[in-house]
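Encoded as structure tokens, the structure appears first; notes follow it.
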Amino acid sequence: MRIATWNVNSLRSRIDRVEAFVQRHEVDVLALQETKAREDQLPLMGLQALGYEIAVAGFNQWNGVALLSRVGLEDVEVGFADMPSYGDPAAEEARAIGATCAGVRIWSLYVPNGRKPDDPHYVYKLDWLARLRATASAWLDGETALVGDWNICPTDDDVFDVKQFAKSTHVTPPERAAFQGFLDDGYAEVTRAHDPGYTYWDYYRQRFERDRGLKIDFVLASPTLASRVTGAFVDREERDPARYAGAPSDHAPVVVDLV
DNA sequence: ATGGTCGTTACACGA
């Protein structure tokens with residue numbers, strides 16, 4: 001089975017790329033983040049014609065998550081609501097959607113950005129991660145994957161220039177400790193060993209062309225699932241502005257293979 | 001310190 005995760009930065013603006021991506025790599029399950037659309041706004045017929053079931057949750061003009069699967073999509077669950085200060089406080093905003101696909105419980109996660117270390121959103125980010133960890137620790141016995149945009153650079157190697165991030169989120173010790181907590185509990189990050197490269201490059205300043213990026217998109221697997229991983233890679237071509245028509249997402253997809 | 005570029009029921013704001 002091949003699963004993938006991709007912060008797509010608007011599913012509507014990149015629906016053609018998503019269709020091409022899942023076909024190009026024969027992806028069985030795709031977790032999406034920053035979908036920025038309600039299901040009723042999405043032209044999903046193409047993906048359905050390709051055999052994908054779709055579950056969409058949590059939307060405003062910045063966030064939103066989704067799961068596509070051609071190997072079953074059961075027991076869909078939405079959780080970990082967004083901070084109310086984003087968008088319409090009355091709208092239900094989710095930053096996580098989970099489903100069971102061919103026996104594997106997969107969660108598409110869009111960890112809060114945090115904005116700045118002195119911002120309330122930063123506190124919210126750490127609290128959100130603590131709540132996720134407490135819940136996810138109960139899933140270690142099963143075949144569980146926590147995939148998505150973690151908005152954390154766990155090591156200095158995951159930042160093109162640590163000095164530039166001295167006063168920024170993504171690299172602070174509390175964020176790194178929050179990420180490490182999942183590993184301490186027994187989850188394994190299964191992509192780095194196969195592809196240590198960045199997964200995100202800012203749109204400005206030709207950051208992709210100069211490979212000035214961040215590694216912030218990860219796949220954490222429970223022990224049983226981790227033992228099934230045979231490979232992983234970052235699809236950098238999907239981030240290359242020169243490779244395909246139209247603007248790319250600022251994130252590249254991450255693909256993982258399981259026996 | 002600033003600005004650069006994407007996206008969105010947008011002409012400001014989040015990433």
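Just so we're clear, the structure is a prediction, and the values are computed from it rather than from any experiment.
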Closest-nucleotide mapping onto DNA chain B: is A/Ser13 or A/Asn151 further toward the 5' terminus? I mean the 5' end.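 First, find each residue's nearest nucleotide; the 5'-ward one identifies A/Ser13.
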Between A/Lys167 and A/Asp149, which has a closest nucleotide on DNA chain B that is more 5'?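 Result: A/Lys167.
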Using a cut-off of strictly less than 4.0 Å, decide whether [X] has a side-chain nitrogen or oxygen near OP1 or OP2 of [N].
| X | N | answer |
| --- | --- | --- |
| A/Arg207 | B/dG4 | no |
| A/Gln41 | B/dT9 | yes |
| A/Arg12 | B/dT9 | yes |

Rounding to an integer number of Å, can you tell me how far [X] [atom1] sits from [N] [atom2]?
| X | N | atom1 | atom2 | answer |
| --- | --- | --- | --- | --- |
| A/Tyr110 | B/dG14 | OH | C1' | 8 Å |
| A/Lys36 | B/dA15 | NZ | P | 9 Å |
| A/Asp202 | B/dG4 | CG | C1' | 8 Å |
| A/His121 | B/dG14 | NE2 | C1' | 9 Å |
| A/Arg14 | B/dG7 | CZ | P | 5 Å |
| A/Tyr122 | B/dG14 | OH | P | 19 Å |
| A/Gln33 | B/dA15 | CD | C1' | 14 Å |
| A/Asn9 | B/dA15 | CG | P | 11 Å |

Going by the angle between their ring planes, with limits at 30° and 60°, are A/Phe165 and A/Phe160 parallel, tilted or perpendicular?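 Ring orientation of A/Phe165 relative to A/Phe160: perpendicular.
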What orientation do A/Phe182 and A/Trp150 show, parallel under 30°, tilted 30 to 60°, or perpendicular over 60°?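 If you compare the ring of A/Phe182 with that of A/Trp150, the planes turn out perpendicular.
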Between B/dG7, B/dT9, B/dC6, spot the one nearest the side chain of A/Ser10, thanks.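 The nucleotide sitting nearest to the side chain is B/dG7.
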Quick check for you: among B/dT8, B/dG7, B/dC6, whose closest atom lies nearest to any side-chain atom of A/Trp62?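 Nearest listed nucleotide: B/dG7.
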For A/Tyr244, the rest of its hydrophobic cluster, which grows through side-chain links under 4.5 angstrom: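 The other cluster members (ILVMFWY side chains, heavy atoms under 4.5 Å, direct or chained): none.
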Below 6.0 angstrom between ring centroids: does that apply to A/Tyr203 and A/Phe208?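 Ring centroids of A/Tyr203 and A/Phe208 are no less than 6.0 Å from each other.
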Between [N] and [M], how far apart are the two [atom1] atoms, rounded to whole Å?
| N | M | atom1 | value |
| --- | --- | --- | --- |
| B/dT5 | B/dT9 | P | 22 Å |
| B/dC6 | B/dA1 | C1' | 22 Å |
| B/dC11 | B/dT2 | P | 24 Å |
| B/dG4 | B/dC13 | C1' | 16 Å |

Basic-acidic side-chain contact under 4.0 Å: A/Arg236, A/Asp195: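 Counted as a salt bridge, because a side-chain N and a carboxylate O are separated by less than 4.0 Å.
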Determine, stepwise, if the pair A/Asp217 / A/Thr199 fulfils side chain to side chain donor-acceptor pair (under 3.5 Å). CA-CA 6 Å; A/Asp217 298 272; A/Thr199 64; 2.6 Å; yes
Decide yes or no, distance alone: a donor-acceptor N/O pair under 3.5 angstrom between the base of B/dA15 and the side-chain of A/Tyr200.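 A donor-acceptor contact between them is absent.
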Mind checking A/Glu34 for me? I need base, sugar-phosphate or nothing, with any heavy atom below 4.0 Å counting as a touch.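 Sugar-phosphate only.
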